[in-house]
Amino acid sequence: IDEEDMEIIDDFIIIDALEDYENLIMVKDSEGRQTVENIPELLNIKKLKVDKEKPYLYIYHTHGTEAFHEDSGSNWRSKDDSRNMVSVGSIIAKVLEAGGHKVDHNKTQHDNPSYNQSYTRSINSVEKAMAAEKNLKVILDLHRDGRDPKKPGDYEKMRPQTWTTIGDKKVAKFSLVVGPMNPNYDEVLSFAKYIKAVADQLYPGLCSGIIVKKYGKFNQYVSDYAALVEVGYNLNPYEEVVETAKMVGEILDVAIRGIEE
């Protein structure tokens with residue numbers, strides 16, 4: 001990727017150019033659903049083999065209490081599952097189920113009562129679920145991104161980075177995070193690239209990029225179809241995030257159907 005295609009933010013790299021999928025075209029199938037046509041050979045992505053009569057999609061929340069601008073006074077955290085990431089997961093799960101996918105949504109707030117060891121608690125849930133249902137292959141950890149406006153004027157400066165316009169609606173942006181320390185790093189990154197490519201076709205500008213951290217696994221070693229999806233920012237009003245969650249559900253629906261065997 002050329003240097004002008006990357007933006008360095010602290011210890012993150014946001015990948016904007018995805019030439020591997022420049023010929024991706026969105027069309028509608030016989031049932032009127034969005035689907036994908038003319039996909040180049042999927043790099044490092046094997047076709048997804050699942051029993052479609054059993055759950056094969058697992059949604060969970062390492063940081064379930066992450067919340068939005070309305071909860072800024074509580075450090076952008078909320079135990080109210082109608083306003084936090086658990087709520088966002090429920091919206092995405094509903095869209096995926098409407099698309100015919102079998103979803104297991106774990107609504108546990110793994111960062112409650114303590115933020116420490118939340119990844120340890122969440123991986124225990126993931127491994128337990130995958131042991132009980134070996135058909136679970138697509139593993140989605142839903143978060144929201146965060147900005148810390150400490151100085152006067154920082155909020156006004158950062159806020160425009162968190163939203164875009166889709167149609168006539170102001171909606172939150174979303175991104176994908178990849179941990180570089182996973183043994184299946186190439187596969188996880190390729191899955192993230194594919195999701196972003198579908199997003200760029202369905203809703204240009206909605207996905208702000210793929211964030212590759214300098215270190216960490218983020219539980220992604222459990223599956224080559226694992227993704228950490230950050231839906232919105234703490235600076236977004238919840239209503240903006242609700243609209244994005246619906247669109248992310250559609251994007252994931254199309255992406256998963258595109259790799260199903």
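If you're wondering where the values come from, they're calculated on a predicted model, not measured in any experiment. Computed over heavy atoms, backbone and side chain alike; hydrogens, waters and symmetry mates excluded.
- Within the hydrophobic cluster formed by Ile, Leu, Val, Met, Phe, Trp and Tyr side chains joined at under 4.5 Å, directly or through other members, Trp163 stands alone, with no partner residue.
- Salt bridge annotation for Asp154-Lys150: absent, with no cationic side-chain nitrogen under 4.0 angstrom from a carboxylate oxygen.
- Annotation: the span from Phe174 atom CZ to Tyr203 atom OH amounts to 11.0 Å, rounded to 0.5 Å.
- Hydrophobic clustering, with ILVMFWY side chains joined whenever heavy atoms are under 4.5 angstrom apart, keeps Tyr233 apart from Met85.
- When all heavy atoms of Ala172 and Thr244 are compared, the closest pair comes out as O-OG1, 2.6 Å.
- Heavy atoms only, all atoms of each residue included: His61 and Val86 are closest at NE2-CA, 3.7 Å.
- Using modelled atom types, one side-chain atom of Asn234 and one backbone atom of Arg147 make a donor-acceptor pair closer than 3.5 Å.
- Each side chain to side chain donor-acceptor pair (under 3.5 Å) pair with one or both residues in residues 84-94, not counting sequence neighbours, appears once here: Asp81-Asn84, Ser87-Tyr238.
- Put simply, the side chain of Asn75 never gets that close to the backbone of Arg77: no donor and acceptor are under 3.5 Å apart.
- The two residues Ser223 and Val188 come nearest to each other via the heavy atoms O-CG2, 4.0 Å.
- For the pair Asp200 (side chain) and Ala197 (backbone), a donor-acceptor distance under 3.5 Å is absent.
- Checked by atom type and distance alone, the side chain of Glu187 never pairs as donor or acceptor with a backbone atom of Ile45 at under 3.5 Å.
- Judged purely by atom type and a 3.5 angstrom limit, Asp71 has no side-chain atom pairing as donor or acceptor with the backbone of Ser78.
- Cluster partners of Tyr115, using a side-chain heavy-atom cutoff of under 4.5 Å among ILVMFWY residues and allowing indirect links: none.
- Side chain of Gln109 to main chain of Asp111: no donor-acceptor pair is present (N/O by atom type, distance under 3.5 Å, no hydrogens or angles).
- Salt-bridge formation is detected for the pair Lys169/Glu243: a Lys NZ or Arg NE/NH1/NH2 atom is positioned less than 4.0 Å from an Asp or Glu carboxylate oxygen.
- Taking the charged nitrogens against the carboxylate oxygens, Arg159 and Glu240 do have a contact shorter than 4.0 Å, which makes a salt bridge.
- Residues Ile166 and Met247 are in side-chain contact: their nearest non-hydrogen atoms beyond the backbone lie under 4.5 Å apart.
- Using modelled atom types, no side-chain atom of Asp141 and backbone atom of Phe218 make a donor-acceptor pair closer than 3.5 Å.
- Contact detail for Gly153 and Glu156: the closest heavy-atom pair is CA-OE1, 3.2 Å.
- Listed for the Arg121 side chain is no donor-acceptor partner under 3.5 Å among the backbone atoms of Asn112.
- Atom NZ of Lys170 is surrounded by more than 12 heavy atoms from other residues, nucleotides or ligands within 6.0 Å.
- With respect to Tyr56, the side-chain hydrogen bond (donor to acceptor under 3.5 Å, both in side chains) criterion is satisfied by exactly one of Lys102, Glu260, Lys49, Lys134: Glu260.
- No donor-acceptor pair closer than 3.5 Å links the side chain of Asp145 to the backbone N or O of Gly232.
- Looking at Arg83, its side chain never comes within 3.5 Å of a backbone N or O of Ala67 through a donor-acceptor pair.
- Using a 4.5 Å cut-off between side-chain heavy atoms of Ile, Leu, Val, Met, Phe, Trp and Tyr, Val222 falls into a hydrophobic cluster with Tyr58, Tyr60, Ile123, Val126, Met130, Leu136, Ile139, Tyr221.
- Grouped by direct or indirect side-chain proximity (heavy atoms under 4.5 Å, Ile/Leu/Val/Met/Phe/Trp/Tyr only), Met158 sits with Trp76, Tyr155, Leu235.
- For Thr120, the side chain to side chain contact (heavy atoms under 4.5 Å, CB included) criterion is met by Gln117, Asn124, not counting sequence neighbours.
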